[in-house]
Amino acid sequence: MKTLFAAALVAALAAAAPALAQGGHGHPAPAAAPAASGAPAATVGTIAIVAPWARATAPNARVGGTYMTLTNDGEAVDRLVAASSPVAEKVELHTHLMDNGVMRMRPVDGIEVAPGEPSVLRPGGLHVMLIGLKQPLAQGSRFPLTLTFETAGAVTLDVPVQAAGAMSPDGHAMPQPAH
Ligand SMILES: [Cu+2]
């Protein structure tokens, strides 16, 4: 048992290593990624969704991460409060927290989008989590994602799938679901 656990831990660390190394060698760490700019992929009310993307997943993966920049052209704070997609059984809003040196994901109730302050969803930070994937996310494909904002309402956009990154969306530790 103990050996198996150790082997799994080593595998997890090995999977995370490229991402850790990237932060330590002068390249921008994920946390330093700038807000995406350019024409929005979709807009609803005062909210614009810029440069949405997801990572390609392994054939048996059950989860996938989706990232984007959210901007608010209005005068009041809005919040992304829900998401759904036909490619997943459910979709949650997550953040990452360091817990004793281990990156863990945690669901959040909502993601604030303040006027003039783009909210950046990115690997290692806030993200939209696809749970119970019905099919792998294939590089080069697209899938629909519906985002619901507290004030602006719902909008559906097409999310392009990019190459699997160095840090796989299911490669980090995750707390057990509450049910
Ligand atoms: Cu997550």
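One-based numbering, in listed order, for ligands and for the atoms of each. Note that this is a predicted model, so its numbers are computed, not measured.
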ask   = Hey, is E112 close enough to R79 for a salt bridge, meaning N to O under 4.0 Å?
value =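 No, E112 and R79 are not salt-bridged.
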key: Carboxylate-amine/guanidinium contact E89 R62, below 4.0 Å   =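 Result for this pair is yes, salt bridge flagged.
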request  = Check each of L147, T146, L145 against T156 using the side-chain contact (heavy atoms from CB on, under 4.5 Å) test, and report the only one that passes.
outcome  =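 Answer after filtering L147, T146, L145: T146.
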request  = Scan side-chain atoms only and decide if D73 and T46 contain a donor-acceptor pair under the 3.5 Å cut-off.
outcome  =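 D73 vs T46: no donor-acceptor pair found between side chains.
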ask   = So, H96 and the Cu ion (ligand 1): N/O/S under 2.8 Å, yes or no?
value =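 H96 does not place any N, O or S atom closer than 2.8 Å to the Cu ion (ligand 1).
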key: Opening angle between NE2 in H127 and SD in M105, taken at the Cu ion (ligand 1), to 10 degrees   =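 If I round to 10°, I get 100°.
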Of the N, O or S atoms in H94, the one nearest the Cu ion (ligand 1) =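 Distance check against the Cu ion (ligand 1) picks out ND1 in H94.
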